[in-house]
There are 2 protein chains.
Amino acid sequence: MNVEEILQTESQIPLESRTIIHFLLVNNKINESISNVLKPFDISPQQFNVLRILRGQNGTPANLSTLNDRMITKMSNTTRLVDKLIIKGYVDRITCPSNRRKVEINITETGKKELKKMDIAMSNAEKKILKNLSKSELKELNNLFNKL
Amino acid sequence: MNVEEILQTESQIPLESRTIIHFLLVNNKINESISNVLKPFDISPQQFNVLRILRGQNGTPANLSTLNDRMITKMSNTTRLVDKLIIKGYVDRITCPSNRRKVEINITETGKKELKKMDIAMSNAEKKILKNLSKSELKELNNLFNKL
DNA sequence: ACAATACATTTGTATATACAATAATTGTAG
DNA sequence: CTACAATTATTGTATATACAAATGTATTGT
């Protein structure tokens, strides 16, 4: 994935700008791939993200602010996102007994089962995206990201 | 930016998944920063992208499919995106005389002037995002991206 | 106990985006 | 030269997202 080629420019782009643009281009590719993986499951990347967070809770219910904190893409409307997962039967939501302002959101058995299928598809897609990088290159990439 | 810390998990995530998640997290940070830079100019990242492409044309008008090809984030509605830039007076659009199916889109002088201001703000933001990476680390990052 | 404040979520609304359908123009095969 | 296919852009519509306002509940100070 070459920046100059895609942008069709001959001019010299400053290294910082080039890096950011490069980053956005790669990100786009990743997003596309993720969307394709999830499309058969009729679930959006954000919904998938929420499901994974809930599973990671290991049975401890999550409330909305917890979800928001841990979501990759923060969005102001986790309520409606959870609504959609409820309709699909992947999560349930009850008002927190000890503090009725809060809600308790849990992944259902159906949700876990479906998530497992998605994981496999996702894992394959990830490997495909990153197939040209060696283990050490992957580590290097993570190290660089850590610095940001 | 540490993945495990943000995801609040103690479990070992496979290197590939970790890289992708890491990528998405960094991307989110970049997007946020870009949005903040552009907010005072009342322009979306996509609109900014289109303006830059048009400037890069050096006077050669672009039609919609050219824009679509070069845009970082492809979206199906470049028409309405251009509409908004026209309202702001940053670009103009005429139907192509030689092929009336096509349109010719150009950046205006006002557009160029505003874009110059945005560039400065954007460049500062880019430097800020990448401030913890050395020149050689930036190059390394670009090299890794090239392989994807 | 009451009012004021803070908290957690939900709802309203405007804008953005994705995808499909439509319209307008051009190219082409017979 | 006409019918049909291909190209390019626009419009319609449903869903997603961002941001602000509203709702319901809990906490705090007096």
Side-chain angles (χ1 to χ4, degrees), chain A residues 24 27-29 31-51 54 61-88 91-106, chain B residues 24 27-29 31-51 54 61-88 91-106:
Chain A
L24 296 176
N27 178 69
N28 219 59
K29 202 178 150 182
N31 276 341
E32 204 170 305
S33 172
I34 291 178
S35 294
N36 283 337
V37 166
L38 296 179
K39 200 163 288 172
F41 297 100
D42 190 32
I43 198 169
S44 74
Q46 302 258 32
Q47 290 172 25
F48 175 68
N49 189 203
V50 169
L51 277 186
L54 290 175
N63 54 36
L64 277 184
S65 46
T66 313
L67 284 183
N68 249 326
D69 289 347
R70 303 212 183 144
M71 271 162 66
I72 293 175
T73 306
K74 318 289 183 202
M75 66 160 239
S76 36
N77 220 327
T78 316
T79 299
R80 282 185 274 230
L81 213 158
V82 170
D83 288 347
K84 274 159 209 153
L85 289 171
I86 291 174
I87 291 169
K88 297 193 173 91
V91 310
D92 52 44
R93 174 178 54 195
I94 57 167
T95 58
C96 176
S98 64
N99 185 341
R100 304 211 328 273
R101 286 174 300 187
K102 296 189 186 180
V103 291
E104 291 185 343
I105 302 158
N106 272 295
Chain B
L24 296 177
N27 178 69
N28 219 58
K29 200 177 151 182
N31 276 342
E32 203 171 307
S33 174
I34 291 179
S35 294
N36 283 337
V37 166
L38 296 179
K39 200 164 285 171
F41 297 100
D42 190 34
I43 198 169
S44 75
Q46 302 258 34
Q47 291 172 25
F48 176 67
N49 189 203
V50 168
L51 278 185
L54 290 175
N63 54 34
L64 278 185
S65 48
T66 314
L67 284 183
N68 249 326
D69 288 348
R70 304 212 181 145
M71 271 163 68
I72 293 175
T73 307
K74 319 289 183 201
M75 66 163 242
S76 37
N77 219 327
T78 316
T79 299
R80 282 185 273 233
L81 215 159
V82 170
D83 288 346
K84 275 161 209 152
L85 290 172
I86 291 173
I87 291 170
K88 297 192 173 93
V91 310
D92 52 44
R93 173 180 54 197
I94 57 168
T95 58
C96 176
S98 65
N99 185 342
R100 303 210 327 273
R101 284 173 302 188
K102 296 190 187 179
V103 292
E104 291 186 342
I105 302 158
N106 272 296

To the nearest Å, how far apart are [X] [atom1] and [N] [atom2]?
{"X": "B/I94", "N": "D/dA9", "atom1": "CD1", "atom2": "P", "result": "13 Å"}
{"X": "A/E32", "N": "C/dA18", "atom1": "CD", "atom2": "C1'", "result": "12 Å"}
{"X": "A/Q47", "N": "D/dT15", "atom1": "CD", "atom2": "P", "result": "12 Å"}
{"X": "B/E104", "N": "C/dT25", "atom1": "CD", "atom2": "C1'", "result": "15 Å"}
{"X": "B/I105", "N": "D/dA9", "atom1": "CD1", "atom2": "P", "result": "7 Å"}
{"X": "B/N77", "N": "D/dT13", "atom1": "CG", "atom2": "P", "result": "14 Å"}
{"X": "A/L81", "N": "D/dT15", "atom1": "CG", "atom2": "C1'", "result": "12 Å"}
{"X": "B/R100", "N": "C/dT25", "atom1": "CZ", "atom2": "P", "result": "5 Å"}

>> If you assign each of B/L64 and A/N99 to its closest nucleotide in DNA chain D, which residue comes earlier from the 5' end?
In response: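 It is B/L64, whose closest nucleotide lies nearer the 5' terminus.
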
> Taking for each residue the nucleotide of DNA chain D bearing the nearest heavy atom, is the 5' side occupied by A/P97 or by A/S44?
Replying inline: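 Looking at the nearest nucleotide for each, A/S44 comes out on the 5' side.
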
So, is [X] close to the [N] phosphate, meaning a side-chain N or O under 4.0 Å from OP1 or OP2?
{"X": "B/K84", "N": "C/dA16", "answer": "yes"}
{"X": "A/Q46", "N": "D/dT17", "answer": "yes"}
{"X": "A/S65", "N": "C/dC7", "answer": "no"}
{"X": "A/R93", "N": "C/dT10", "answer": "yes"}
{"X": "A/K39", "N": "C/dC19", "answer": "yes"}

>> Can you give me the closest heavy-atom contact between A/M71 and A/N49, atom names plus distance?
In response: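 Closest heavy-atom pair between A/M71 and A/N49: CA-OD1, 3.5 Å.
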
>> On a heavy-atom basis, which atom in A/L38 and which in A/F48 lie closest, and how many Å separate them?
In response: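 Heavy-atom minimum between the residues: CD1-CB, 3.7 Å.
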
>> Checking B/N106 now: which residues fulfil side-chain hydrogen bond (donor to acceptor under 3.5 Å, both in side chains) with it, not counting sequence neighbours?
In response: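 So B/N106 forms no side-chain hydrogen bond (donor to acceptor under 3.5 Å, both in side chains) with any residue.
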
>> Test of understanding: with side-chain hydrogen bond (donor to acceptor under 3.5 Å, both in side chains), list the residues that count as partners of B/N63, not counting sequence neighbours.
In response: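 For B/N63, the residues satisfying side-chain hydrogen bond (donor to acceptor under 3.5 Å, both in side chains) (neighbours in sequence not counted) are B/S65, B/T66.
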
>> Does any part of the side chain of A/L81, heavy atoms only, come nearer than 4.5 Å to the side chain of A/L67, both counted from C-beta?
In response: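 With C-beta onward as the side chain, the pair stays apart.
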
> Hey, does the side-chain of B/R101 have a donor or acceptor N/O within less than 3.5 Å of a partner on the base of C/dG27?
Replying inline: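 Such a pair does not exist between side chain and base.
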
> Nearest to the side chain of B/K102, which nucleotide is it out of C/dT9, D/dT11, D/dT8?
Replying inline: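 When the side chain of B/K102 is considered, D/dT8 is the closest of C/dT9, D/dT11, D/dT8.
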
